[in-house]
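Shown next, in structure tokens, is the structure this report addresses.
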Amino acid sequence: MSVAGIWDLAVATPIGTIKAVVQLREEGGRFSGVARGTGEEVPLRDVALDGDRLTWRQAVTRPLRLNLAFAVTVDGDTLAGTSRAGRLPASKVTGVRRAAVDR
């Protein structure tokens, strides 16, 4: 399964839905990427794919300084799962991969 591409994400947080764009790359079985949203671009860390389960970590400074851990299930060009920031409750994450012409 390939997860490479540009993904439009929506994260439902207690302060409202936050939109983000995640770009994932795969080279030689290793994954990397960046996330863009709320006026900042941050690298993804510890990106891993196990079957259809995709996980990664990222740090953000807006709207709050947080270390986030994502765990999503990929189904073709859609994904769904959660994002956690420490002890805070998990936030629902959904996403859609952009068409190849948009990448």
Side-chain angles (χ1 to χ4, degrees):
M1 164 187 305
S2 174
V3 295
I6 299 173
W7 294 82
D8 292 310
L9 301 186
V11 183
T13 74
I15 62 170
T17 299
I18 296 175
K19 303 280 186 181
V21 175
V22 169
Q23 183 172 8
L24 291 168
R25 292 179 288 286
E26 179 182 3
E27 295 178 27
R30 298 186 61 143
F31 298 94
S32 63
V34 296
R36 295 175 186 89
T38 62
E40 67 182 331
E41 180 177 309
V42 298
L44 305 183
R45 300 184 325 268
D46 305 327
V47 182
L49 181 65
D50 183 8
D52 62 356
R53 182 175 163 82
L54 177 66
T55 57
W56 74 88
R57 295 181 180 282
Q58 69 185 70
V60 296
T61 60
R62 296 180 189 147
L64 301 168
R65 185 176 301 274
L66 297 170
N67 291 310
L68 303 173
F70 286 79
V72 299
T73 300
V74 179
D75 183 8
D77 291 330
T78 63
L79 59 78
T82 60
S83 170
R84 290 192 72 92
R87 294 182 173 178
L88 296 176
S91 295
K92 181 180 174 185
V93 177
T94 57
V96 177
R97 184 175 5 205
R98 292 184 185 175
V101 294
D102 293 337
R103 293 183 197 162

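Counting begins at 1 with the first residue of the sequence. Quick note: numbers below take in every heavy atom, side chains included, and nothing from hydrogens, waters or symmetry partners.
- Listed here is the closest heavy atom pair of Ala90 and Arg84: CB-NH1, 3.5 Å.
- Between Leu24 and Trp7 there is a side-chain heavy-atom pair separated by less than 4.5 Å.
- Nearest heavy atoms, Gln58 versus Pro43: CB-O, 3.9 Å.
- Checking each of Val11, Asp46, Thr55 against Phe70 for a side-chain contact (heavy atoms from CB on, under 4.5 Å) leaves exactly one that passes, namely Val11.
- Heavy-atom minimum distance, Ser91 versus Ala12: CB-O, 3.2 Å.
- Between Ala59 and Val42, the shortest heavy-atom contact is O-CG1, 3.1 Å.
- Within the 4.5 Å cutoff, side-chain heavy atoms of Leu54 are placed close to those of Val47.
- Hydrophobic clustering (ILVMFWY, side-chain heavy atoms < 4.5 Å, transitive): Val60 and Leu9 are in one cluster.
- Closest approach of Arg97 to Ala4, counting heavy atoms only: NH1-O, 2.8 Å.
- Here Arg57 contributes atom CZ and Leu44 contributes atom CG; the two are 12.5 Å apart, rounded to the nearest 0.5 Å.
- At least one donor-acceptor pair under 3.5 Å links the side chain of Glu40 to the backbone N or O of Thr61.
- With rounding to the nearest 0.5 Å, the separation of CZ in Arg25 from CD1 in Ile6 is 9.5 Å.
- Hydrophobic clustering (side-chain heavy atoms under 4.5 Å, transitive across Ile, Leu, Val, Met, Phe, Trp, Tyr) groups Leu68 together with Leu88.
- Shown here are the salt bridge (charged side-chain N to carboxylate O under 4.0 Å, His left out) partners of Glu27, two or more places apart in sequence or in another chain: there are none.
- Using a 4.5 Å heavy-atom threshold, the side chains of Val72 and Trp56 count as touching.
- Note that CG of Leu79 and CG of Asp8 are 10.0 Å apart. Values are rounded to the nearest 0.5 Å.
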